[in-house]
Every structure is written in structure tokens, then in C-alpha cells.
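All remarks here apply to the structure that follows.
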There are 2 protein chains.
Amino acid sequence: MRTNQTFSCPIEAATSFIGGKYKTIILWHLVNETLRFSELQRAVPKATPKMLTQQLRELEADGLIRRVVYPVVPPKTEYSLTTLGESLIPILEGLRNWGAYYFDERGIPNPCIDGNQ
Amino acid sequence: MRTNQTFSCPIEAATSFIGGKYKTIILWHLVNETLRFSELQRAVPKATPKMLTQQLRELEADGLIRRVVYPVVPPKTEYSLTTLGESLIPILEGLRNWGAYYFDERGIPNPCIDGNQ
DNA sequence: CGGCATCCAATTAGATACTG
DNA sequence: CAGTATCTAATTGGATGCCG
């Protein structure tokens with residue numbers, strides 16, 4: 001694991017994995033899809049390359065995503081969910097549905113434009 | 001709402017509500033229970049009074065919790081979930097189950113001691 | 001009891017430039 | 001393309017003291 005801190009409850013443990021600033025969005029975009037770094041940048045435009053790299057490294061250290069580097073020129077790196085990462089999908093779907101419900105309730109148009117929602 | 005920022009997807013909106021440092025733990029402790037400030041302090045000992053107040057104010061501004069102040073001496077304040085806050089319970093349960101599963105997989109004893117788990 | 005005000009230390013995040 | 005390095009700006013969080 002990334003840290004060897006102790007948690008006082010399972011909720012705290014879970015949020016230590018997905019509580020990072022862009023982690024849920026990153027994971028969500030990797031559901032059923034392998035993406036390259038530049039594709040993730042486009043998917044999460046608010047994250048600077050530095051931030052994106054940092055979050056990806058933590059997700060990798062926590063065993064939620066897999067990073068595969070191809071030794072080619074120009075460089076190519078692919079990110080995808082591990083089995084542990086896939087076990088979070090129900091929670092990610094719950095967050096998505098809650099957010100969409102919240103938008104609907106207020107008549108706010110869902111701003112998602114990509115097919116992955 | 002607390003902020004009038006725009007979100008690029010429902011996941012982002014949802015995490016803006018529960019992404020705060022102690023928010024999921026606070027909400028979890030309020031499931032089926034009304035707690036006073038000092039009880040929440042005991043439930044979330046890692047949060048200083050200042051931090052706890054801040055998180056509670058944001059949760060209140062977002063409409064997830066209700067704050068009832070009784071004009072008595074000594075002061076008494078009670079916090080509880082609103083209907084919107086209760087709609088998050090499935091997600092909170094998902095987080096708890098994922099965390100507990102993660103503990104089990106590694107043979108780490110579940111550190112929860114309170115009945116609310 | 002349930003906070004708030006203030007000050008300060010520490011952490012985080014953005015901007016920019018650069019590289020294999 | 002996929003980052004890293006450096007510097008700086010902004011934010012966060014802790015400690016302390018005080019109050020109705």
C-alpha cells in the first residue's frame with residue numbers, strides 16, 4: 001500500500017484510496033477502457049500533467065490501476081484498471097447516479113459529453 | 001449549494017459533496033443517529049474542533065445534514081441527516097463494504113469498535 | 001458545551017521550462 | 001508522447017486562546 005497509516009474504520013480506508021482530487025474521475029474513465037496519458041489529460045482537463053501523474057502514481061501504488069510502458073518512439077503508456085480497481089466500479093456507478101440524480105432534480109443539464117458519461 | 005462552480009460530469013459533482021477530508025466518516029456516523037458536536041468529536045477524533053466545524057458547515061450548506069441549535073445553557077446542538085443526505089447511504093455502505101473487504105483480504109482486523117461500524 | 005478568531009507551519013497545486 | 005524539475009502562489013490545517 002501507499003501508506004502504512006492505520007485507519008479507524010473501513011470508510012476511512014476506502015476514502016484513502018479514492019479520496020484524491022481526481023481519482024474517482026480517472027477511475028471512471030478507465031472503466032472498460034484502456035487509455036493513454038494524453039487521452040486521460042483530455043478526459044480530465046482540469047488536472048495539470050503534474051497532478052495527473054501524481055494521482056496516477058498513487059492509484060498504481062495502491063494497486064487500483066496498471067501502468068504499461070511500451071518502449072517505442074514516440075513513447076506510449078497505457079493505463080487500465082486492475083481487478084482491485086474493477087471492484088470499485090459499483091461505488092463509481094453509485095457516485096455517478098447520485099450526481100446525475102442531483103442534476104436532474106434541479107433541472108441542470110448533465111454536462112457530460114463523452115460516451116462514458 | 002456551497003459553490004457555484006460547474007462540473008464536467010456527475011462523478012465530479014458527487015465528489016464535491018462528499019470529497020471533504022472527514023465528510024464520509026461524519027455522514028456515516030449520522031446514519032440512523034442524531035449526534036451532538038461533542039459526540040461527533042469522539043466519533044472522529046482525528047478532526048480538530050476547527051476542522052470538524054468547517055466540514056459540518058459545508059455539509060449543512062450542501063443540504064446533506066441538518067443542524068439544530070437548542071437555546072439552553074450549556075449549549076446543545078444536534079446534527080442529523082437530511083433526506084438528501086440519506087440518499088447517500090447506499091454509497092456510504094458501498095465504501096464501508098469495500099474497506100472491510102480490503103481488510104479481510106489482508107487479514108487485517110477490522111479496527112472499528114463502535115456499533116455503527 | 002459548542003464553538004469562533006487569530007496566527008503560523010505545512011502541504012498542496014499551478015505555472016513554466018525542459019527532456020529522453 | 002509522457003512525463004520531470006523547479007519555483008512560487010495558494011490553500012490547508014494545527015495550536016492556542018477566548019467567549020456566550
**Request:** Under the side-chain contact (heavy atoms from CB on, under 4.5 Å) rule, collect the residues that match up with B:Arg36, sequence neighbours excluded.
**Result:** B:Ser38, B:Glu39, B:Lys76, B:Glu78
**Fill in**
All heavy atoms of B:Cys9 vs all of A:Ile25, minimum pair found to be SG-CG2, 4.5 Å
**Prompt:** Any salt bridge (Lys or Arg N to Asp or Glu O under 4.0 Å) pairs touching residues 66-75 of chain B, not counting sequence neighbours?
**Reply:** none
**Prompt:** With hydrophobic residues grouped by side-chain heavy-atom distances under 4.5 Å, do A:Val72 and A:Val68 end up in a single group?
**Reply:** yes
**Asked** A:Leu84 versus A:Ser87: any side-chain heavy-atom pair under 4.5 Å?
**Response** yes
**Message:** Quick check: do A:Glu60 and A:Arg57 have side-chain heavy atoms less than 4.5 Å from each other?
**Reply:** yes
**Message:** Can a donor-acceptor pair be found, under 3.5 Å and without considering hydrogens, that links the side chain of B:Thr77 to the backbone of B:Phe37?
**Reply:** no
**Item:** Listed partners of A:Ala100 passing side-chain contact (heavy atoms from CB on, under 4.5 Å), at least two apart
**Value:** A:Arg96, A:Asn110, B:Pro10
**Asked** Along nucleotides 11-17 of chain D, 5' to 3', which nucleotides get a B, which get an S, and which get a -, given that the test is a protein heavy-atom distance under 4.0 Å?
**Response** --BBB--
**Item:** Validation row: A:Ile18, B:Leu95 side chains within 4.5 angstrom (heavy atoms)
**Value:** yes
**Asked** A:Arg67 side chain N/O closer than 4.0 Å to the phosphate oxygens (OP1, OP2) of D:dA2?
**Response** no
**Asked** In residues 71-80 of chain A, which residues come under 4.0 Å of DNA chain D by heavy atom?
**Response** A:Pro74, A:Pro75, A:Lys76, A:Thr77, A:Tyr79
**Prompt:** Which residues satisfy the side-chain contact (heavy atoms from CB on, under 4.5 Å) test with B:Lys23, sequence neighbours excluded?
**Reply:** B:Arg2, B:Gln55, B:Glu58, B:Leu59, B:Asp62
**Prompt:** Can you pull the ring-ring contact (aromatic ring centres under 6.0 Å, His included) pairs that have at least one residue in residues 53-101 of chain A, sequence neighbours excluded?
**Reply:** A:Trp98-A:Tyr102, A:Trp98-B:Phe17
**Request:** Go through DNA chain C in 5' to 3' direction and return only the first and the last nucleotide with some atom under 4.0 Å of chain A's heavy atoms.
**Result:** C:dA13 to C:dG20
**Item:** By side-chain contact (heavy atoms from CB on, under 4.5 Å) - contacts of B:Val73 (at least two apart)
**Value:** none
**Message:** Quick check on the helix from C:dC1-D:dG20 to C:dG20-D:dC1: what's the angle between its two end axes, five base pairs per end, to the nearest 10°?
**Reply:** 60°
